[in-house]
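Protein chains get the first letters and strands the later ones, always in sequence-line order, with residue 1 at the start of each.
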Protein chains: 2
Amino acid sequence: MVDPTLDLPAALRARGLRMTPQRQLILEAITSLSGHISADAVHRRVVEQFPNVNISTVYRTLEVLQDLGVVNHTHFHDGVAQYHLASEGLHQHLVCRECGSARELDVRVVQPLAETLKQEYGFEADIAHFAIVGLCAGCSHKGGQTSHSHGA
Amino acid sequence: MVDPTLDLPAALRARGLRMTPQRQLILEAITSLSGHISADAVHRRVVEQFPNVNISTVYRTLEVLQDLGVVNHTHFHDGVAQYHLASEGLHQHLVCRECGSARELDVRVVQPLAETLKQEYGFEADIAHFAIVGLCAGCSHKGGQTSHSHGA
DNA sequence: ATTCATGCAAATACTTTGCATCAGC
DNA sequence: GCTGATGCAAAGTATTTGCATGAAT
């Protein structure tokens, strides 16, 4: 797969799709970030300069960028999709259910589990597509461990 | 915690709450099952016999049952909450993104990862609160491995 | 009688879709 | 000019909430 970050117009054209200002803006919003960003956040950024770009265009563009392999998304604790550049590679996220903070993690940490699941259950886990949710160090110090019924 | 499955009225009374036919029905819908069930599915079951029980009552009751420690819920691949009896103990779910099938798993399988996260990142993972999503053995045989951009 | 629980409708958040218009190519 | 892309509004799904009425204790 050619790195489409460098030549989005060409990547689009190869599929009979077109380059537009909206698509450029949306990609820039993601590129300008090191981490992850929700569709809504992308929209807010774009709207700052072009107030009439619609949220549905953002969703449709994100889908196209995904199909092209330019971006990927991961689901956080609240189920909201978070987008990031595919070129940044696979990484796992640890998301805190209390403060919502997310920290990246090398996929190697979860590789052993993935191996086990594959070996013993024939199950091909989507390693990075869903975050690992729990309590971060900061929040668990405040006594969050045993308070919630679903804290298991 | 007293096992409230056996005496829900008492467990409720101890908190100044009341027993109602609706609450009984909803608990029965979950108890009659070995596995997990969504709020919507609980509602459909209850409505078969009592058509005027409202979905919001189901949600409110499920919350109460959770607070009492009678049930717990887990989020599946689509983010939908799946409820199950707390008395069945902690278990992890492997959910297939293709066919939606869910299989239970002893939490012991993910314990090593949980230990690592705790040790190295101080992160207290919610082991059973979110399912592990991926492709089940059946679906990955059909060639699902490399087709999706987010299949990572 | 008091206070909690319910039904109903409306609101929420995220995402998708139908459709007429517009704009890349 | 052909066909894909956009804006807008509306729909869809899962869940929550306000409020008046109704029922358990």
Atom-to-atom span, NE2 of B:H75 to C1' of D:dT15 - whole angstrom: 11 Å
Can you measure from CG (B:L113) to NZ (B:K118) and round to the nearest 0.5 angstrom? 14.0 Å
Pair A:H75 + A:H129: ring centers closer than 6.0 Å: yes
Value in whole Å for how far the P atom of D:dT6 lies from CD1 of A:I26: 7 Å
Return yes if a side-chain donor-acceptor contact under 3.5 Å exists between B:Q111 and B:E115, otherwise no. no
5' precedence on DNA chain D between B:Y83 and B:M19 (nearest-nucleotide basis): B:Y83
Heavy-atom distance under 4.5 Å between the side chains of B:I26 and B:H43, does that happen here? no
Using the closest heavy atom to pick a nucleotide of DNA chain C for each, name whichever of B:L17 or A:V80 lands nearer the 5' end. B:L17
Taking side chain as C-beta onward, heavy atoms only, is A:R97 less than 4.5 Å from B:D126? yes
Taking heavy atoms of chain A and a 4.0 Å limit, find me the 5'-most and 3'-most nucleotide of DNA chain C within that range. C:dC14 to C:dC25
Would you indicate whether the side-chain heavy atoms of A:C99 and A:C136 approach each other to under 4.5 Å? yes
If you measure only the distance, is there a donor-acceptor pair under 3.5 Å linking the side chains of A:D40 and A:S38? no
Atom CZ of A:R18 to atom P of D:dG1: distance rounded to whole Å? 15 Å
Go through residues 42-63 of chain A and report each residue with a non-hydrogen atom lying under 4.0 Å from DNA chain C, sorted by number. A:S56, A:Y59, A:R60
Pair B:H36 + B:F76: ring centers closer than 6.0 Å: yes
